[in-house]
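Here's the structure we're looking at; comments come further down.
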Amino acid sequence: MRISATPYRTIWPLACGAVRVIDQSRLPFEFETLDLTTLEDAAHAIRTMVVRGAPLIGATAAYGLALALRQDASEARIAEAVQVLRATRPTAVNLAWALERVRAAIAHLPPGERAAAAFAEAGRICEEDVAQCHAIGLHGAEIIRALAQQARRRINVLTHCNAGWLACVDWGTALSPVYVAHDAGIEVHVWVDETRPRNQGAALTAFELGAHGVAHTVIVDNLGGHLMQHGEVDLVIVGSDRTTAGGDVCNKVGTYLKALAARDNGVPFYAALPVSTLDWSLEDGRAIEIEARDPQEVTHISGRTAEGALERVRVVPEGSAALNLAFDVTPARLVTGLITERGVCAANRAGLAALYPERAA
Ligand code: MRU
């Protein structure tokens, strides 16, 4: 996607062997990039959410493993690097998926060839992610087009967190259909949940949509239900950090409540995700490990002062406990459909098996 007319991806390798990422911890106020040169750099970037979003942390982990092998590509080093990277964030399955994919691509090679092969595999993961996210956009835009033809007015999409191009390598998952529809001339407006505690919606989704010229309005997380009751939401599209073979959708905390409100108001609720987000080993989403993050993300909030300084202030009384679980699971029965790179399917084993017969087997 473009920022001030310059095309960007969220991650790309440099000729010197380092990997460059957009530093998302500084957005929307400062656009800066950061160079990762070691395993520790990559692990730190994922852990501190300099990079975030399921597909992007997968891509970063893949490059992180490649960076780790530059000096030492022994079996022991591979195992250590995989362990360090896997421990950074437990919920998004893309991370473990990408690490296993790179490991499999280099396992049969002599140590001297492993780093280069790992970089090449990480590059392929990125290219595939771009193609898959674009395909998700093409399929999802047909849903928006159909609603627009029926309603003959602007379509209002509600989304939670950031599942746009910043969460992937390019295009995004939940926002890709919005971009494709917008670019095709379909009038679309996005209700952007601010997404406490880290405000990925207010900071990142609003930044992306604004940069692309898509009409949008930031709302507090609790407004969605009211808007649905008043006919102001035509559909909900969210991303996913892990979707089970049974169609349960794990995504940013708060997604479940949006799905409940959508069901109560007859609003279609879709999750958009590439194949790397599917966890074929799990049926029931309640088995997914939910990441517990620092309570300070709840007790404090960051922003820019009128003077231009980035500041963090406390919003909870000293001494009050805070709980910061980063994701929740929306049961498949509340999900209208899954938008994937292969098309739209029902959120259940049969629906997924029809799109991915080779995986379901
Ligand atoms: O904690 P984050 O910002 O990594 O959470 C991101 C989300 O929950 C996204 O919706 C999900 O990763 C899908 S990204 C295409």
Side-chain angles (χ1 to χ4, degrees), residues 1 9-11 21-25 27 45-61 88-98 126 129-130 132-137 140 158-179 190 192-205 207-208 221 236-243 249-259 269-279 285 288-294 297-298 324-330 335 338-341:
M1 305 301 268
R9 287 183 173 183
T10 52
I11 186 166
V21 296
I22 295 172
D23 183 350
Q24 300 191 23
S25 66
L27 288 173
I46 297 170
R47 208 180 294 117
T48 59
M49 294 175 65
V50 161
V51 292
R52 28 67 53 203
L56 179 56
I57 61 178
T60 309
T88 51
R89 297 196 73 190
T91 302
V93 75
N94 307 60
L95 194 152
W97 169 88
C126 290
D129 186 68
V130 175
Q132 289 169 348
C133 285
H134 186 214
I136 285 170
L158 185 144
T159 193
H160 191 65
C161 195
N162 172 261
W165 73 271
L166 287 168
C168 304
V169 179
D170 206 346
W171 285 100
T173 57
L175 293 189
S176 185
V178 170
Y179 290 130
V190 183
V192 179
D193 278 358
E194 61 173 344
T195 320
R196 277 284 286 150
R198 288 192 62 115
N199 290 321
Q200 291 95 327
L204 305 176
T205 298
F207 172 80
E208 274 193 29
D221 292 326
V236 179
I237 314 179
V238 298
S240 176
D241 290 84
R242 190 186 300 222
T243 291
V249 173
C250 182
N251 191 50
K252 179 54 56 190
V253 68
T255 301
Y256 172 47
L257 293 178
K258 292 298 133 71
F269 178 96
Y270 288 93
L273 53 126
V275 63
S276 52
T277 301
L278 286 165
D279 186 343
I288 295 170
E289 180 181 350
I290 301 292
E291 177 181 8
R293 294 187 60 85
D294 191 335
E297 291 180 349
V298 176
N324 188 9
L325 299 182
F327 301 95
D328 64 23
V329 174
T330 299
V335 180
L338 303 175
I339 308 171
T340 78
E341 73 280 3

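All residue numbers refer to positions in the sequence shown, counting from 1. For ligands, and for the atoms within them, numbers begin at 1 and follow the listed sequence. Excluded from the calculations below are hydrogen atoms, water molecules and symmetry mates; all remaining heavy atoms, backbone and side chain alike, are included.
Within the 4.5 Å cutoff, no side-chain heavy atoms of C133 are placed close to those of V169. Using a 4.5 Å cut-off on side-chain heavy atoms (C-beta onward), L95 and I46 make contact. Residues P274 and T340 form no side-chain contact, since every pair of their non-hydrogen atoms from C-beta on lies 4.5 Å or further apart. Between T159 and T205, the closest side-chain pair of non-hydrogen atoms falls below 4.5 Å.
Both the backbone and the side chain of K252 come within 4.0 Å of ligand 1, counting heavy atoms alone. Residue contacts with ligand 1, taken as heavy atom pairs separated by less than 4.0 Å, do not involve H160 at all. Counting heavy atoms closer than 4.0 Å to ligand 1, residue C168 contributes side-chain atoms (C-beta onward) but none from N, CA, C or O. Of all the heavy atoms of C161, the ones lying under 4.0 Å from any atom of ligand 1 belong exclusively to the side chain. By the criterion of a heavy-atom distance under 4.0 Å, the side chain of P55, and not its backbone, is placed next to ligand 1.
By the 6.0 Å and 45° rule, K258 does not stack over the aromatic ring of F269.
The two atoms that bring D221 and T195 nearest to each other are OD1-N, 2.6 Å, heavy atoms only.
Within the 4.0 Å heavy-atom shell around ligand 1 one finds N162. For R198, the heavy-atom gap to ligand 1 stays at 4.0 angstrom or more. Under a 4.0 Å heavy-atom criterion, G172 is not in contact with ligand 1. Heavy-atom distances between A326 and ligand 1 stay at or above 4.0 Å for every pair.
Counting atoms of ligand 1 from 1 in the listed order, those under 4.0 Å from a heavy atom of A54 are 12 (O), 14 (S). Here is the list of ligand 1 atoms found below 4.0 Å of a heavy atom in Q200: 1 (O), 2 (P), 3 (O). Residue S240 approaches ligand 1 through these ligand atoms, each under 4.0 Å from one of its heavy atoms: 11 (C), 13 (C). Counting atoms of ligand 1 from 1 in the listed order, those under 4.0 Å from a heavy atom of M49 are 1 (O), 2 (P), 3 (O). Counting the atoms of ligand 1 from 1 in the order shown, those under 4.0 Å from a heavy atom of D241 are 7 (C), 8 (O), 9 (C), 11 (C), 12 (O). In summary, the atoms of ligand 1 found under 4.0 Å from a heavy atom of R89, numbered by their order in the structure, are 1 (O), 2 (P), 4 (O). Remark: ligand 1 atoms within the under-4.0 Å shell around heavy atoms of T173 are 15 (C). For ligand 1, the atoms closer than 4.0 angstrom to any heavy atom of F327 are 1 (O), 5 (O), 8 (O).
Note: no N/O pair closer than 3.5 Å links G239 and ligand 1 by distance alone. Distances between N or O atoms of G164 and those of ligand 1 include no value under 3.5 Å.
The side chain to side chain contact (heavy atoms under 4.5 Å, CB included) test with L166 singles out one residue from V51, L204, L175, L56, and that residue is L204. For the ring-ring contact (aromatic ring centres under 6.0 Å, His included) test with H134, the passing option among Y179, W165, W171 is W171; the others fail.
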Please test D23 against S25 for side-chain hydrogen bond (donor to acceptor under 3.5 Å, both in side chains), starting from the C-alpha separation and ending with a verdict.
-> CA-CA 6 Å; D23 183 350; S25 66; 2.5 Å; yes
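Between the side chains of N251 and S240, no donor-acceptor pair of N or O atoms lies under 3.5 Å. A donor and an acceptor atom, one from each side chain of R52 and Q200, are nowhere located under 3.5 Å apart.
Using a distance-only test at 3.5 Å, with no hydrogens or angles considered, a donor-acceptor pair links the side chain of T91 to the main chain of E291.
Heavy-atom proximity to atom 6 (C) of ligand 1, evaluated over E291, R293, R52, R242, is greatest for R52.
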